**Q** 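First the structure, then my questions, so here it is.
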Amino acid sequence: RQQELFASWANAYEILPQWWTLSLSYDFRWNRLDANLTDFARPRRLTHALALASSVNAGGLKAQASVVAQDINDRVEIGTAGHLRPSLSPAIVLSYVPFPDAWLTLRAFCKRSFRMPTFNDLYYADMGSSALKPERALQYDAGITFETPKSRLPQRCHWHLQTDAYYNSVGDKIVAYPKGQQFRWTMLNLGRVHIKGIEALGELTLMPSRNCSFTARLQYTYQDARDVTNPKNSFHRHQIPYIPWHSGTAVLAATWKAWSLNYSFIYTGERYNEQENSRYNYEQPWYTHDMSLAREFVFGKTRLKLTGELNNIFNQAYEVIHNYPMPGRNFKLSARFSM
């Protein structure tokens, strides 16, 4: 049983109206986790976060700089509390719209990020590890977006294309995967991980009439995430567990009056289930086809939506996690009321 108390305060001041803004915010969070297990840690956490940010909007250029200071303190009744220390996370975010129609946007950011292990990561029985360290990362990203010019809206065709390239250097990266003879879930830190990748997204929506629309969406991710902690390790510069190099989705959706039809294809490429990328730890690529049909009924102020789903249409046998087989072809019916 987890309890949480959260309080937030924020204030903003316009140094130059519509152009330059300064903001200051403070968050306080108190968490407690209890369980009826023998010798459970029963952790308590106090979190203080103070953020100072400034943003500038000069025509098509938007720039924001911020810094977040966090202080997190864990206490436990039994055992050892997690390793905690104050953190400072600065960030710079830029975006530029070179043309008035806003059909092209250039953006980039650089920031330091901090990820505190959750209570489950640290204290959950047979899985958590109180020795787990917070994850810290230095992140770089640059991207470009193309979309329907504003001067052509509204219209019966809308398109959106975007792509991002990124590089992350992560210290004490937190990962979870089953290992050992019993394949129990284990939380651990990877000392240093370098991640580079590309994400691309394309979406096209056609609206031949007021009551009808068609949408096609494609998404692709390439991610190279390598453990570079120690050159002496046999898995030095190997892909970290369960991160595929290639993955993607394709979605087709159609609506007509109160009816909606959706089809999705999910693909996850080859991966490895251990830190060492050997043929014994190799995981085959997997993919699924799923479909759903929904109909909405309106009765005065009440809405009823009935949905039927057919998942894993071709009954593919696959495992997202080694030795944890996923369901074959399966059906699902649902009803949702809203007033």
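Quick caveat: nothing in here was measured; it's all calculated off a predicted structure. Numbering of residues begins at 1 and proceeds along the displayed sequence. For the numbers below, each heavy atom of this structure counts, side chains included, while hydrogens, waters and symmetry mates do not.
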**Q** Give a yes or no answer on whether the side chain of Glu147 reaches the backbone of Trp159 with a donor-acceptor pair at less than 3.5 Å.
**A**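 Not a single qualifying donor-acceptor pair exists.
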**Q** Quick one: does Leu201's side chain get under 4.5 Å of Thr163's, heavy atoms only?
**A**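 Result no, sub-4.5 Å side-chain heavy-atom pair not found.
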**Q** How many angstroms lie between atom NZ of Lys305 and atom OG of Ser334, to the nearest 0.5 angstrom?
**A**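 Reported to 0.5 Å precision, the distance equals 8.5 Å.
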**Q** I want to check something: taking the side chain as every heavy atom from C-beta on, are Asp227 and His238 in contact at a cut-off of under 4.5 Å?
**A**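 Sidechains of His238 and Asp227: no contact.
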**Q** Can you check side-chain contact (heavy atoms from CB on, under 4.5 Å) on Ile144 and Gln162, steps first, answer last?
**A** CA-CA 6 Å; Ile144 185 170; Gln162 73 176 54; over 6 Å; no
**Q** Please tell me whether Gln219 and Thr221 have a donor and an acceptor in their side chains that are separated by less than 3.5 angstrom.
**A**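 A pair is found: one side chain offers a donor N or O, the other an acceptor, under 3.5 Å apart.
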**Q** Do you reckon Leu106 sits in the same ILVMFWY cluster as Leu161, going by side-chain contacts under 4.5 Å, direct or chained?
**A**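 Linked, Leu106 and Leu161 end up in one cluster.
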**Q** So, Tyr123 and Asp74: side-chain donor and acceptor under 3.5 Å apart, yes or no?
**A**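 Yes, a side-chain donor-acceptor pair sits under 3.5 Å.
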**Q** For the ring pair Tyr282 and Tyr272, is the centre-to-centre distance below 6.0 Å?
**A**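 Under 6.0 Å, so yes.
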**Q** Would you kindly confirm whether Ile92 and Leu52 end up in one hydrophobic cluster when ILVMFWY residues are joined by side chain heavy atoms under 4.5 Å apart?
**A**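 Each belongs to a different hydrophobic cluster.
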**Q** If the test is side chain to side chain contact (heavy atoms under 4.5 Å, CB included), which one of Ile198, Ile240, Ile243 qualifies with Gln223?
**A**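 For Gln223, the side chain to side chain contact (heavy atoms under 4.5 Å, CB included) test succeeds with only one of Ile198, Ile240, Ile243, which is Ile243.
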**Q** Between Glu203 and Arg217, does any side-chain N to carboxylate O distance fall below 4.0 Å?
**A**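 Between Arg217 and Glu203 there is a salt bridge, with a charged N closer than 4.0 Å to a carboxylate O.
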**Q** How about CZ on Phe6, more than 12 heavy atoms from neighbouring residues, nucleotides or ligands closer than 6.0 Å, or not?
**A**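 Result for CZ/Phe6: enclosed.
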**Q** Look up atom CZ in Arg271 and atom OG in Ser247, then write down how far apart they are to the nearest 0.5 Å.
**A**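 Here the interatomic distance stands at 10.5 Å.
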**Q** Does a donor on one side chain sit under 3.5 Å from an acceptor on the other, for Asn273 and Glu283?
**A**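 Per modelled atom types, Asn273 and Glu283 side chains form a pair under 3.5 Å.
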**Q** Considering only heavy atoms from C-beta outward, does the side chain of Asn168 approach that of Tyr140 to under 4.5 Å?
**A**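 Not in contact.
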**Q** If you take all heavy atoms of Arg42 and Ala35, which pair is closest and at what distance?
**A**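 The answer is NH2-O, 3.1 Å.
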**Q** Does some side-chain heavy atom of Trp259 sit less than 4.5 Å from a side-chain heavy atom of Arg295?
**A**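 Contact flag for Arg295/Trp259 side chains = yes.
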**Q** Start with the C-alpha distance between Arg29 and Asp27, add both sets of side-chain angles, then the distance that settles salt bridge (Lys or Arg N to Asp or Glu O under 4.0 Å), and finish with yes or no.
**A** CA-CA 7 Å; Arg29 193 184 300 269; Asp27 291 345; 5.6 Å; no
**Q** So, are Arg107 and Asp141 salt-bridged, with charged N and O less than 4.0 Å apart?
**A**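 Here Arg107 does not pair with Asp141 in a salt bridge, since their nearest N and O are not under 4.0 Å apart.
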**Q** For a 4.5 angstrom cut-off between non-hydrogen side-chain atoms, does Leu33 reach Phe40?
**A**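 The answer is yes; the side chains approach within 4.5 Å.
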**Q** For the residue pair His48 / Tyr26, report whether a side-chain donor-acceptor contact shorter than 3.5 Å exists.
**A**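 Judged by distance alone, the side chains do pair up.
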**Q** In plain terms, say whether Arg1 and Asp34 are close enough for a salt bridge, that is, a side-chain N and a carboxylate O under 4.0 Å apart.
**A**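 Result for this pair is no, no salt bridge flagged.
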**Q** Should the pair His289 and Tyr287 be assigned to parallel (<30°), tilted (30 to 60°) or perpendicular (>60°) ring geometry?
**A**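 If you compare the ring of His289 with that of Tyr287, the planes turn out perpendicular.
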**Q** Cut-off 3.5 Å, side chains only: do Ser169 and Arg192 have a donor facing an acceptor?
**A**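 Their side chains do contain a donor-acceptor pair, which is all the 3.5 Å distance test asks for.
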**Q** Are side-chain N/O atoms of Asn312 and Thr288 paired as donor and acceptor at under 3.5 Å?
**A**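 No donor-acceptor contact under 3.5 Å links the two side chains.
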**Q** Report yes if the side chains of Lys111 and Pro90 come closer than 4.5 Å at any heavy-atom pair, otherwise no.
**A**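 Result no, sub-4.5 Å side-chain heavy-atom pair not found.
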**Q** For the residue pair Trp103 / Thr148, report whether a side-chain donor-acceptor contact shorter than 3.5 Å exists.
**A**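 Side-chain D/A pair, Thr148 to Trp103: absent.
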**Q** Do Asn11 and Leu24 have side-chain heavy atoms sitting under 4.5 Å apart?
**A**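 Side-chain contact under 4.5 Å: no.
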**Q** From Leu46 CG over to Ile72 CD1, what is the distance, rounded to the nearest 0.5 angstrom?
**A**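 Output value for this atom pair is 10.5 Å.
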**Q** Is there a side-chain contact between Thr205 and Met207, using heavy atoms and a 4.5 Å cut-off?
**A**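 In short, these two side chains touch, coming nearer than 4.5 Å.
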**Q** Please name the pair of heavy atoms, one in His246 and one in Tyr267, separated by the smallest distance, quoted to 0.1 Å.
**A**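 Nearest heavy atoms, His246 then Tyr267: O-CE2, 3.9 Å.
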**Q** Do you reckon Ile266 sits in the same ILVMFWY cluster as Met326, going by side-chain contacts under 4.5 Å, direct or chained?
**A**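 They do share one cluster, since a chain of ILVMFWY contacts under 4.5 Å joins Ile266 to Met326.
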**Q** Here's one to test your reading of the geometry: is the NZ or CZ of Arg112 within 45 degrees of the ring axis of Phe114 and under 6.0 Å from its centre?
**A**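 No - Arg112 does not lie over the ring of Phe114 by the 6.0 Å and 45° rule.
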**Q** If you look at every heavy atom in Met116 and Pro134, which pair is closest and at what distance?
**A**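 Shortest heavy-atom separation between Met116 and Pro134 comes out as SD-CG, 4.1 Å.
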**Q** In a check of side chain to side chain contact (heavy atoms under 4.5 Å, CB included) between Ile15 and each of Leu22, Thr21, Val56, which one passes?
**A**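 Considering Leu22, Thr21, Val56, a side chain to side chain contact (heavy atoms under 4.5 Å, CB included) with Ile15 is found only for Leu22.
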**Q** Assess whether a salt bridge exists between Arg44 and Glu77, defined as any Lys/Arg side-chain N lying under 4.0 Å from an Asp/Glu carboxylate O.
**A**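 Salt bridge flag = yes for Glu77 with Arg44.
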